[in-house]
Amino acid sequence: MPELAEVEFYRRQWDKASGQKILSVHVNGKARVLRGTDVAALEKTLRCASMLGSEAHGKQLMFRFSNGGWLGVHLGMTGDLLVEPADAPVLKHDHLVLRQATQSLVFRDPRQFGRLLFHKGKEAPDWWQNRAVEILSPQFTLALVQTFLSRHARAPIKAILLMQNGFPGVGNWMADEILWRSKIHPNRPAGRLRGDEVKRLHAQTRFVCRQSMRIVGLKNGDLPKSWLFQHRWEKGGKCPVDGSALRREEIGGRTTCWCPSCQKRR
DNA sequence: TACAATGTTTTAAG
DNA sequence: CCTTAAAACATTGT
C-alpha cells in the first residue's frame, strides 16, 4: 500500500499514542522484518517507555521514545500500522505489538518487505541522517531534479521516479500519475527530456505529492476520479482526460500504466 | 495454476 | 567507483 501520503496517514495512527506509556512489548525476533536489528535492546528499551513523537520522511517512519529509543519503520509493500484494543490478540503477521493501558500499537506485514530498525542513544542513528531532500521542501528545486536526471540519463524516466534518493516517497502509482500529468512517456530516457518536460515533471511531482498528502495523508480519503490513479487498474480503463484506452506494460521493473495519446514516445 | 501485487536489496554486467 | 537491469525476498488473492 504505502507511498508518501499513506505513510503519513499510518504515522498519524500510531502517533495517537504520543505521550502514553508502553506497558509491554510483544516482538517476533525471528521475523524477517527485524533482520539485522537488536531485538533484545528494542524490547528492553521500549518496555515502560513513553512515545515522545514521530516523523515521516518519504517512505521512512521514525518513532521516538523516552529512554533514548528510536524505532524506524518501513512498510514495504504490505505493511500496516494499526491501533487495536488493549487486549487484541497477536495475529499471524503481527511482528511487533506495543501494549498500552487503553490500546495496542500493531505493526503488521504479511509479505515482510517492510522493516523495523532500532537504535538507543541520544543522537539520531545513521538511518535517520543524511536523507534525501523531501519533495515538498523548498530545497526540492528544478535544478536538483535536472541534476538527478542527468546522473541517470540512460535509464527510463519511470525507473528514476522510483529512486528514493531522488524522489523520496514516490512509488509505483505516484510515478505513473506524475508522468501522466507531465505528458511524458514512461520509457523515455531521463537524459533526453526537453527543458519544458523537466519543468513539468518537477511541478507535477510536487502537485501529486501535495494533493495526495492533503486528501489521503490527513484522513485516508479517496482521490478524485480525474486522477489516473482511479483508472489504472480498471479492466478497459480509459484516460480521464481524453478517453483513450490506457496501456499497461512493465517498465523499470514495475507494471506501468499510461495514456498512449497523452504520453507520446518521442 | 500461474501470475501479479502502492518495495527495497542484492547480484551481475557494462 | 558508477549506472543499469534483473533476480530475489514472502505471502495472498485472482
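The figures that follow rest on heavy atoms only: side chains count, while hydrogens, waters and symmetry mates do not. Below, chain A is the first sequence line, B the second, and so on; all start at residue 1.
Rounded to an integer number of Å, the gap from CZ of A/Phe113 to P of B/dT8 is 11 Å. Distance A/Arg192 CZ to C/dT4 P: 12 Å, rounded to the nearest Å. Atom CE in A/Met163 sits about 10 Å away from atom C1' in C/dA5, given to the nearest Å. Note: CG (A/Leu61) to P (B/dT8) measures 12 Å, nearest angstrom. Between A/Gln60 atom CD and B/dT9 atom P there is a gap of 8 Å when expressed in whole angstrom units. Note: CG (A/Leu117) to P (B/dT8) measures 13 Å, nearest angstrom. Remark: P of B/dG7 and OH of A/Tyr10 are 12 Å apart, rounded to the nearest angstrom. If you measure from atom NE2 of A/His57 to atom P of B/dT8, you get 13 Å, rounded to the nearest angstrom.
Annotation: C/dA10 and B/dT11 have their P atoms spaced 14 Å apart (nearest Å). Rounded to whole Å, the P atom of C/dT12 lies 23 Å from the corresponding atom of B/dT9.
The phosphate of C/dT12 has OP1 or OP2 within less than 4.0 Å of a side-chain N or O from A/Lys92. Checking the phosphate oxygens (OP1, OP2) of C/dC9, no side-chain nitrogen or oxygen of A/Arg111 falls inside 4.0 Å. OP1 or OP2 of C/dT12 sits under 4.0 Å from a side-chain N or O of A/His93. Contact annotation: A/Thr255 reaches the phosphate of B/dA5 (side-chain N/O to OP1 or OP2, under 4.0 Å). Considering only side-chain N and O atoms, A/Gln112 lies nowhere under 4.0 angstrom from the phosphate OP1 or OP2 of C/dC9.
Backbone-only engagement by A/Ala153 is indicated by non-hydrogen atom pairs under 4.0 Å involving sugar-phosphate atoms exclusively. When heavy atoms are screened at a 4.0 angstrom cut-off, A/Pro189 is found touching no nucleic acid atom at all. Within the nucleic acid shown, A/Arg254 comes within 4.0 Å of at least one base atom, counting heavy atoms only.
Within the 3.5 Å criterion, the main-chain N or O of A/Arg254 finds a donor-acceptor partner in the side chain of A/Thr256.
Nearest to the side chain of A/Arg154, among C/dT3, C/dT4, B/dT9, sits C/dT4. The A/His74 side chain lies nearest to B/dG7 when the options are C/dT4, B/dG7, C/dA5. Taking every side-chain heavy atom of A/Ala155 into account, C/dA5 is the closest of B/dT9, C/dA5, B/dT8. Residue A/Pro110 places its side chain closer to C/dT12 than to any other of C/dT12, B/dG7, B/dT9. Distance from the side chain of A/Gln164 is smallest to B/dT8 among B/dT8, C/dA5, B/dG7.
Of the nucleotides present, C/dT4 is the one that pairs with B/dA12 by Watson-Crick or G-U wobble criteria, both distances under 3.5 Å.
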Quiz prompt | Derivation of the side-chain hydrogen bond (donor to acceptor under 3.5 Å, both in side chains) call for A/Lys21 and A/Ser50 | solution = CA-CA 4 Å; A/Lys21 193 169 176 179; A/Ser50 296; over 6 Å; no

Exercise. Starting from the C-alpha separation in whole Å, work towards a yes-or-no answer on side chain to side chain contact (heavy atoms under 4.5 Å, CB included) for A/Trp173 and A/Trp233.
Key: CA-CA 10 Å; A/Trp173 77 255; A/Trp233 295 120; 5.8 Å; no

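A/Arg64 forms no cation-pi arrangement with A/Trp128, by the criterion of a distance under 6.0 Å to the ring centre and an angle within 45° of the ring axis.
The number of heavy-atom neighbours closer than 6.0 Å to CG of A/Asp196, taken from other residues, nucleotides and ligands shown, is above 12. For A/Arg192, the CZ atom sits in a loose shell: 12 or fewer heavy atoms of surrounding residues, nucleotides or ligands are nearer than 6.0 Å.
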